[in-house]
Enquirer: 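Here it is, the structure in full.
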Amino acid sequence: MPLQTIRARYANGVLTPLEPLDLSEGCEVTVDVAVDSDSGSTGTPAHDGKPQLLEIIDEVAREFPNAFADMPHDGAKHYKHYLYGHPRDED
């Protein structure tokens, strides 16, 4: 089969072609990867320009350094106490 150049997007460990491929189902291919300079690759997957949750949290923490200072450190363990006012579970 002749060499084909395709564009693909990498997300969640998977390369997804950006256009249909003329390949038979289940055939094996060899992939040479070249990262586009305009994809903004920083070693992390692209997310269609949408900020991810941890990126938003980091941005809020930079903009408001004390925003998380009063957050409880046991929130996961005592979530019913913080959400519904239940008594805290014994440690």
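Scope of the values below: all heavy atoms of this structure, side chains included, with no hydrogens, waters or symmetry mates.
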Enquirer: If we ignore hydrogens and angles and just use 3.5 Å, is the side chain of E63 paired with the main-chain N or O of V60 as donor and acceptor?
Expert: no

Enquirer: Who else is in Y84's hydrophobic cluster (ILVMFWY, side-chain heavy atoms under 4.5 Å, direct or via others)?
Expert: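 Members other than Y84 - counting any ILVMFWY side chain reachable under 4.5 Å - are Y79, L83.
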
Enquirer: When you measure from the side chain of H81 to the backbone N and O of H86, does any donor-acceptor pair fall under 3.5 Å?
Expert: yes

Enquirer: List the residues meeting side-chain contact (heavy atoms from CB on, under 4.5 Å) with E19, not counting sequence neighbours, and say none if there are none.
Expert: I6, R7

Enquirer: Measuring from K80:NZ to R88:CZ, what's the distance to the nearest 0.5 Å?
Expert: 15.0 Å

Enquirer: Could you grab the distance from atom CZ of F64 to atom CD of E59, nearest 0.5 Å is fine?
Expert: 9.5 Å

Enquirer: Do you know the tightest heavy-atom contact between L21 and P17?
Expert: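 Closest approach of L21 to P17: CD1-CG, 3.6 Å.
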
Enquirer: Side chains of L23 and Q4: does their closest heavy-atom pair fall under 4.5 Å?
Expert: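 In short, these two side chains touch, coming nearer than 4.5 Å.
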
Enquirer: Could you state whether Y10 and L18 fall into the same hydrophobic cluster, counting links through intermediate Ile, Leu, Val, Met, Phe, Trp or Tyr residues with side-chain heavy atoms under 4.5 angstrom apart?
Expert: no

Enquirer: Of all residues at least two apart in sequence or in a different chain, which pass the side-chain contact (heavy atoms from CB on, under 4.5 Å) check with V14?
Expert: T16

